[in-house]
Chemist: 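Handing you a structure now.
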2 protein chains.
Amino acid sequence: MNKRRISIEDIARRAGVSHSTVSRALRDNALISPKVREEIKRLAQEMSYVPNAIAQSLQNKRTNTIGVVVTSIADPFFAEVVEGIEKIARPAGLSVLLSASHRNFEQEMAAIDTFHRRRVDGILVADSRISKQHIKQLTQIAVPTVLINSQTEDQSEILHSVAIDDRLGAKLATEHLISLGHTAIGYLGVGDRSRSNQQRLEGYQMALTEAGIPPNTDWVSISDEYDTRTSDVNTGKNMLSKLLSAEVTGIFCYNDMVAVGALLACQELGILVPRNLSLVGFDGIALGSYVTPALTTVSQPMLEIGGYAMQMLLDLLEEKTVENRVLSPFLVERGSSAALLTI
Amino acid sequence: MNKRRISIEDIARRAGVSHSTVSRALRDNALISPKVREEIKRLAQEMSYVPNAIAQSLQNKRTNTIGVVVTSIADPFFAEVVEGIEKIARPAGLSVLLSASHRNFEQEMAAIDTFHRRRVDGILVADSRISKQHIKQLTQIAVPTVLINSQTEDQSEILHSVAIDDRLGAKLATEHLISLGHTAIGYLGVGDRSRSNQQRLEGYQMALTEAGIPPNTDWVSISDEYDTRTSDVNTGKNMLSKLLSAEVTGIFCYNDMVAVGALLACQELGILVPRNLSLVGFDGIALGSYVTPALTTVSQPMLEIGGYAMQMLLDLLEEKTVENRVLSPFLVERGSSAALLTI
DNA sequence: CTGAAAGCGCTAACAC
DNA sequence: GTGTTAGCGCTTTCAG
């Protein structure tokens, strides 16, 4: 916004009309006579006029901008979700402001605050552990907001959401292992994602119970690191041994990255997957099909999740009423899981 | 920007001062007496005032916003680059508008045009095949711009850049294979990235020549698909056979995704990597170390590339003079390449 | 030290 | 149909 750019005033002067006529002509206001309208448009073109969206926003009280917060841009899961968001936002004429929170409360609040100052029309928050503070903050902004896979029970009425059914997904994964003949089945979770981790744990336990398999606490291993620098892959690598000593033959992992970590650890330990150990992940990120063996996983439709959330925001912006969505994940069977070897 | 929000006017009224005094107090103008300043700040807090960045931008002719165009957000390479950009932008108080071009001219021009209308303070373009039109467009916007790994020869003086040395990288990869005893070495490239593909091809050929190995056109296979829907992985998968029939023992791939595709094809064909075939990628994306065998690759410091580009933009915004950077990639030896088996 | 007034570029009553 | 005027919320001379 450096130098002086040409404005409707400049065009008006050249056209010998008032600036409001120019404004109207440019916006195809029906009142303007066709001849002047065309002439003005021609002039605008010729002078390479570019409307100032800032001035328009100030006047219209609408910025045509939405804010998106994700924990990490480089995380393949969120990258896909953001891609889905952008695919819907752009054709709708909305620009997206992107911010990463790195699973850090302050950063996330700061990001939302920035969005507030910039007067975004709506906000999308992916995978936050929404706190009371967030609710308060978001309520105050009073702008349509939709939460993606977010961890909150107290859905305030201004917050909407699209989320995956974690419990169902976990159940699918566990039932899959059970159907393959496994009975000693572990869960490898991460401690810093309280709600989703909790729900996946519950789905896992539910599946065991329904199959008449008594749960065993030794089969559950949840990292207690809140260190965001430890990647999920490392979590999987580090936590595997604990489950191995509990002699499980199959493991359901919190997500694909954790499963990849477990897989790498197996390779180091000389454990054959799926011969000696079956592994199931969660998410369905592309990389899961590139590892060897390819990862059996519970897939989330990431692009759709982002797309739905964005569409919901669009509806909200048009004052339509929307309903929260809970999407169902589905099992994708690949090479990392197999029937239990009968000895 | 829906409902009426409180403005400095409102605070002024409550404080019994003029709005300009409020404006000054809030911005710590030295002229305002400490007592009123504190009182005003207290009031602002109490009334939960949030400054309107739009109005500020209109006045200051600065939006504190930058625009970033990448070909795809979900591509792990760009995801890392964007992460690096955001890491520098946020602490500097700049928000980032993100847009994906999907390697499509119109979409990219449209994105840049949107940035123009929104009066961003600067623009970052990643991996584009910059055309004359782009140059014209960007020149007209007259806003600091830095190109990341972009494909243009005619660097206009307003365009700056940070790029990886593709030729050097390709040379490192090829020399690595040569040092392992390979002499029949293939290059698996992609046709829609003219310049970087061209440069990597040249580096490859240069290495061969320097080693006294006569180049063989059968060893070079470049996809001719301009179909953006065909992923790099598929390119690798589909193009491998052609090189195999030319009986190469090592292949340098355009990037890691292509290499992964080649690797998957090898697995299907029962070709052992690295025993029967050595594979080297380019980029150094995380997933390269998760596949089996882990990918030997020429690594680009993706976070740094994004960070440098952003820092450069920051310098440009402060009217500092900057110098284009060409970064050197480095070889990361992993499991996918090994010494040629002497028969 | 503080207030009045102008103006950033645009839209929208309200006149004529 | 088109011009005039006000105003979106803020910063910044210019007076006092």
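Letters go in sequence order (proteins before strands), and every chain restarts at 1. Because the structure is a prediction, the values reported are computed rather than measured.
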Chemist: For the pair made of NZ in A/K61 and C1' in D/dG9, what is the distance, rounded to whole Å?
Modeler: 8 Å
Chemist: Separation of A/Y49 atom OH from C/dG9 atom P, in whole Å?
Modeler: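 In whole Å, C/dG9 P and A/Y49 OH are 10 Å from each other.
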Chemist: From CD1 of A/I8 over to P of D/dG3, roughly how many Å is that when rounded to an integer?
Modeler: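 Answer to the nearest Å: 12 Å.
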Chemist: Can you identify which nucleotide, out of C/dC10, D/dT11, C/dG9, has its nearest atom closest to the A/L58 side chain?
Modeler: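 That would be C/dG9.
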Chemist: Hey, are the side chains of A/V146 and A/L159 touching, using non-hydrogen atoms and a 4.5 Å cut-off?
Modeler: no
Chemist: Which comes earlier along DNA chain C counting from the 5' end, the contact point of B/I32 or that of B/A55, where each point is its nearest nucleotide?
Modeler: B/I32
Chemist: Between C/dG3, D/dC8, D/dC10, which nucleotide gets closest to the side-chain atoms of B/N52?
Modeler: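 From the listed options, D/dC10 comes nearest.
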Chemist: Look at B/Q56 and D/dG9 and indicate whether a side-chain polar atom (N or O) is within less than 4.0 Å of OP1 or OP2.
Modeler: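 Answer no for this pair, as no side-chain N or O of B/Q56 is under 4.0 Å from OP1 or OP2.
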Chemist: Assign A/R27 to base, sugar-phosphate, or nothing according to its heavy-atom contacts below 4.0 angstrom with the strands shown.
Modeler: sugar-phosphate
Chemist: Side-chain donor or acceptor of B/R24 under 3.5 Å from a matching atom on the base of D/dT13?
Modeler: yes
Chemist: Less than 4.0 Å between a side-chain N and a carboxylate O, is that true for B/E39 and B/R42?
Modeler: yes
Chemist: Salt bridge check: are A/R14 and A/E46 linked by an N-O gap of less than 4.0 Å?
Modeler: yes
Chemist: Could you tell me the separation between the NE2 atom of A/H19 and the P atom of C/dA12, rounded to a whole number of Å?
Modeler: 12 Å
Chemist: Rounded to whole Å, how long is the line connecting atom CZ of A/R5 with atom P of C/dC10?
Modeler: 11 Å
Chemist: Would you say C/dG3 has OP1 or OP2 under 4.0 Å from some side-chain N or O of B/T21?
Modeler: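 For C/dG3, OP1 or OP2 has a side-chain N or O of B/T21 closer than 4.0 Å.
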Chemist: The side chain of A/S20 is closest to which nucleotide in this list: D/dT13, D/dC8, D/dT4?
Modeler: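 Shortest atom-to-atom distance from the side chain points to D/dT4.
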Chemist: Take atom CD of A/E38 as the centre, draw a 6.0 Å sphere, and report whether it contains more than 12 heavy atoms from other residues, nucleotides or ligands.
Modeler: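 More than 12 heavy atoms, drawn from other residues, nucleotides or ligands, come within 6.0 Å of this atom.
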Chemist: So, is A/S18 close to the D/dG3 phosphate, meaning a side-chain N or O under 4.0 Å from OP1 or OP2?
Modeler: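 Looking at the OP1 and OP2 atoms of D/dG3, one of them is under 4.0 Å from a side-chain N or O of A/S18.
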Chemist: Can you see if the side chain of A/S23 gets near the phosphate of C/dC10 - specifically, an N or O under 4.0 Å from OP1 or OP2?
Modeler: no
Chemist: Do NZ/NE/NH1/NH2 and the carboxylate oxygens of B/K61 and B/D121 come within less than 4.0 Å?
Modeler: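 A salt bridge is absent here (no side-chain N lies under 4.0 Å from a carboxylate O).
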Chemist: Rounded to the nearest Å, what distance is computed from the CG atom of residue B/L26 to the C1' atom of nucleotide C/dT2?
Modeler: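 Interatomic distance, CG of B/L26 to C1' of C/dT2: 16 Å.
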Chemist: Looking at the side chain of B/L31, which of D/dC10, C/dT2, C/dG9 is the nearest nucleotide?
Modeler: C/dT2
Chemist: Can you measure A/R62 atom CZ to D/dG9 atom P for me and round it to whole angstrom units?
Modeler: 17 Å
Chemist: Mapping B/A30 and A/A53 onto DNA chain C by nearest heavy atom, which one lands closer to the 5' end?
Modeler: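 Per heavy-atom nearest nucleotide, the more 5' residue is B/A30.
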Chemist: Using a 4.0 Å heavy-atom cut-off, does A/S33 contact any base of the nucleic acid, only the sugar-phosphate backbone, or nothing at all?
Modeler: sugar-phosphate
Chemist: Take atom CG of A/N29 and atom C1' of D/dG3, then tell me their distance rounded to the nearest Å.
Modeler: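 It is 14 Å, rounded to the nearest whole Å.
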Chemist: So, do B/F77 and B/Q300 sit near enough that their side-chain heavy atoms are less than 4.5 Å apart?
Modeler: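 Yes, their side chains come closer than 4.5 Å.
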